[in-house]
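Shown next, in structure tokens, is the structure this report addresses.
What you are looking at is a predicted structure, and each value in this text was computed from that prediction instead of being measured.
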Amino acid sequence: MGVATQHGRVPEVADLASARDWMQRRLADFSASRQVLGLLAEHGRTKKIRNTAANRAKSAMP
């Protein structure tokens, strides 16, 4: 499973879906990738993950 955005690779929805809640929360809290945040905002497992990712994605927009 390759959830990290190593070498510019954005994880697929299936990768994020298979990630544990704590990993999704870490990505929602600390990812700098708008694509990752967008995927989590739409497909995150919990409401907290989806909301955190959505809020961070909005605040990251120029």
So, does Arg56 use its side chain to make a donor-acceptor pair with the main chain of Ser31 at under 3.5 Å?
yes
Check whether Val10 and Phe30 end up in the same hydrophobic cluster, where Ile, Leu, Val, Met, Phe, Trp and Tyr are linked by side-chain heavy atoms less than 4.5 Å apart.
no
Would you tabulate the side-chain donor-acceptor contacts of residues 39-46 under 3.5 Å, counting partners in other chains and residues two or more places apart, or write 'none'?
from  : atom 1 : to    : atom 2 : distance (Å)
Arg45 : NH1    : Ala19 : O      : 2.8
Arg45 : NH1    : Asp21 : OD1    : 2.7
Arg45 : NH2    : Ala17 : O      : 2.4
Arg45 : NH2    : Ala19 : O      : 3.0
Thr46 : OG1    : Ile49 : N      : 3.2

Verify the cluster assignment for Val13 and Met23: are they in a single hydrophobic cluster under the rule of side-chain heavy atoms below 4.5 Å apart?
yes
How close do Thr52 and Ala28 get, heavy atom to heavy atom, and via which atoms?
CG2-O, 3.8 Å
